[in-house]
Amino acid sequence: MLRVGEKSGRMGEMMESIANFHEEETSRFVDWFTRLFEPLLMVVIGLVIGIIVVMLYLPIFELAGSLE
């Protein structure tokens, strides 16, 4: 596209066209990545919190089991 812009004398317009194209591609990729990453992050946070809760209750259950 740069060569076409050089030959036609419209280098500025071609540079704007290239910039718009790459901006749209980047925007599309960021949107796709956030849609994928957000649920995965929620699952990981949920698993970490679940493990912490289980680790907190485990000694209580062991203590209750040893009383019998």
Side-chain angles (χ1 to χ4, degrees):
M1 289 189 84
L2 291 176
R3 288 186 188 143
V4 172
E6 285 178 6
K7 289 180 181 178
S8 66
R10 299 167 148 194
M11 189 68 156
E13 292 176 21
M14 288 296 168
M15 293 289 269
E16 285 182 30
S17 174
I18 293 169
N20 288 336
F21 172 76
H22 286 293
E23 184 178 355
E24 289 174 9
E25 286 293 315
T26 303
S27 176
R28 206 172 304 139
F29 173 75
V30 168
D31 186 45
W32 171 82
F33 182 74
T34 54
R35 287 182 187 209
L36 176 71
F37 185 68
E38 196 171 321
L40 292 175
L41 185 63
M42 296 297 275
V43 167
V44 169
I45 290 173
L47 287 173
V48 168
I49 291 173
I51 289 171
I52 290 172
V53 168
V54 168
M55 290 175 71
L56 286 172
Y57 278 113
L58 200 61
I60 296 171
F61 291 139
E62 287 179 8
L63 182 64
S66 68
L67 291 178
E68 293 178 355

May I have the list of side-chain donor-acceptor pairs in residues 12-27 shorter than 3.5 Å, sequence neighbours left out?
unit_1	atom_1	unit_2	atom_2	d
Asn20	ND2	Glu16	O	3.3
Glu25	OE2	Arg28	NH1	2.9
Thr26	OG1	His22	O	2.8

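- Residues forming a ring-ring contact (aromatic ring centres under 6.0 Å, His included) with Phe61 (at least two apart in sequence, or on another chain): none.
- Sorted by first then second residue, the ring pair (Phe, Tyr, Trp, His ring centres under 6.0 Å) pairs that include residues 37-59, not counting sequence neighbours, are Phe33-Phe37.
- Leu56 and Val48 fall within the same hydrophobic cluster, where Ile, Leu, Val, Met, Phe, Trp and Tyr residues are linked whenever their side-chain heavy atoms come under 4.5 Å apart, directly or through other members.
- Placement of Leu63 and Val53 in two distinct hydrophobic clusters is found when ILVMFWY residues are connected by side-chain heavy-atom separations under 4.5 Å, directly or transitively.
- With Leu47 as reference, Val43 is the one residue of Ile49, Val44, Val43 to meet the side chain to side chain contact (heavy atoms under 4.5 Å, CB included) rule.
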